[in-house]
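Read the structure below first, then the notes.
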Amino acid sequence: MVEYFVIPAVQIVVVFLAVSVMVAYMTYLERKVVAFMQARLGPMRVGYWGLLQPIADAVKLMIKEDIIPAGADKLIFTLGPVITLIPAFAVFSVIPFSGSQFSVFGYKVHLYITDVNVGILFILALSSIGVLGIILGGWSSNSKYPLLGSLRSAAQMVSYEVAMGFSVVSVLLYTHTLSMVQIVEAQKNMGWWFAVIQPIGFIIYLICGVAETNRAPFDLPEAESELVAGFHTEYSGFRFALYFLAEYANMILISSIAVTLFWGGWLAPFPNVKALAFLQVIPGLIWFLLKVYFFLYLYIWLRATLPRFRYDQLMRVGWKFLIPVAMANVILTAVLRLYLK
Amino acid sequence: MMTFDQILFYALAVIAVLSAIMVITRRNPVHSALFLITTLFCVAGIYLQLHAEFLAAVQVIVYVGGIMVLFLFVIMLVNLETLSQERRFNRQWHIAILVSVVLLVEFGTIIWRGKAALQLPANQPLMDTLTTNNSEQLGVVLYQQYMLPFEIASFLLLVAIIGAVILAKRRLSSDGK
């Protein structure tokens, strides 16, 4: 009873709160980093160096008036943000934050909620639901710009999901498992991170990950210079905050998957080099978070550096470059694995 | 007294059937699509109960994440104002009944002939499905035992893709002239 209900419940609450705090301070980090890159200071007024800014933002969004447009489909307008948010948080249930385990009152507790045998497929399945909320939210607003934004979003996410799937397959050819924990353990056994073994797959995953989360330079669904704010133009207050939360939770998720699949999850760098064994003193959870924050920094860095793609360029890159390269990579990897065994 | 598994199964089954009925009775196609998504989810849940985790995940990825997104994509481009005034059911009901009866007889025969397979051995969990990797089993069966049907199905899909591209291209070039 305790093993199947109480411990998972506590773990779920902890992970949910941790991800929420990470999301809140991700917005702070983003504003600060972009500001420094543009020789500004960023938020400075609320708290020491603006550290309480995310809390002020949250309070502001929650007490704002909730507006539903006159011609909107009310039910779907309300459902949209929820459909996007729930999968964005639910997928964290199979992310292995660390391999170590400890015991509380005689019960073994892992640093992840669960390890299912179809882990990576479960993640891909749930994250493909998120796009439904974006499409439905844009459509139900009964307004031109949100509709255009959600059409773009649907086309973009469906296109880049394919290349992303192939880049994941190129890793799975080495692991012989879909479980997230065993994928990390496979990297421990091989002694290499998969980013070294599968550089093409890794780069394709990174590009697709940025496109899947609708972030710059792939932020066409919410391109402010042409579509006002894209699919969430008509959303305000708390409903807007839900979309915002989901987008940032998805960024953390994509970074976590990148770390698990390609950067050795909770493992220290170069796990097979004896001279670097002292790095394993640092707990796995810290390594995991450090790597995740590197990818999150990369997201912000890209946003501050690159201009937005044009729509036809986006489609050309996705269909005519990434998908063929990813497919060739999978076939090449499979052939090499078969004949070099 | 029903077990937890049974309660879960009946809940999923009832929701699946009810939302399937809603799919064909809603006037707004977007609402129909949403109910179809609910049905597909419940079916994925039933797959999970059968310890077919791989099938459940693929069901959600392919149907909810792929096909339903494309459905919604098309529905959003259709003019809903004119669509809602059109007749919901057309006059081809006698053909529909004939097809349905044939299908019903077919299903009935299959269930009646395979009665033995439907009875699970009591109090004996399916240990091989619980302990071994479900995806691995499916892969072995699909790529060894059913290699030829699998290849034929993928070939059919390829033909369909090429067909769709040619149909779309032809219309594009005649419009251009």
Quiz prompt | Contact listing (chain A partner; residues 10-18 of chain B; heavy atom under 4.5 Å) | solution = none
Quiz prompt | Among B:Ile75, B:Val30, B:Leu72, side chain to side chain contact (heavy atoms under 4.5 Å, CB included) partner for A:Trp139 | solution = B:Val30
Quiz item: Do B:Glu53 and A:Asn117 have side chains that get closer than 4.5 Å, going by heavy atoms?
Solution: yes
Quiz item: Considering only heavy atoms, which portion of A:Leu121 lies under 4.5 Å from any heavy atom of chain B: side chain, backbone, both, or neither?
Solution: both
Self-check item: A:Leu147, part contacting chain B, at a heavy-atom distance under 4.5 Å
Solution: side chain
Exercise. Provide the closest heavy-atom pair for A:Ser128 versus B:Gly65 in the form atom of the first, atom of the second, distance.
Key: OG-CA, 3.5 Å
Quiz prompt | Crowding at CE, A:Met315 (>12 non-hydrogen neighbours, <6.0 Å) | solution = yes
Exercise. Heavy atoms only, distances under 4.5 angstrom: which of A:Val158, A:Val116, A:Ile129, A:Ile83 has the most pairs with chain B? Name it, please.
Key: A:Ile129
Self-check item: Contact class of A:Leu136 relative to chain B, heavy atoms under 4.5 angstrom
Solution: side chain
Quiz item: What's the spacing between B:Leu34 CG and A:Leu79 CG if we round to 0.5 Å?
Solution: 7.0 Å
Quiz item: Is it true that atom CZ of B:Phe71 has more than 12 heavy atoms of other residues, nucleotides or ligands lying nearer than 6.0 Å?
Solution: no
Self-check item: Flag if over 12 foreign heavy atoms under 6.0 Å of OH, B:Tyr63
Solution: no
Self-check item: Min side-chain heavy-atom separation A:Ile76-B:His31 under 4.5 Å
Solution: yes
Quiz prompt | Inter-chain contacts: residues 143-151 of chain B against chain A, heavy atoms under 4.5 Å | solution = none
Practice problem: Taking the side chain as every heavy atom from C-beta outward, state whether B:Phe54 and A:Leu178 have any atom pair closer than 4.5 Å. | Solution: yes
Quiz prompt | Min side-chain heavy-atom separation A:Leu132-B:Val64 under 4.5 Å | solution = yes
Self-check item: Atom group of B:Phe41 that falls short of 4.5 Å from chain A, counting heavy atoms
Solution: side chain
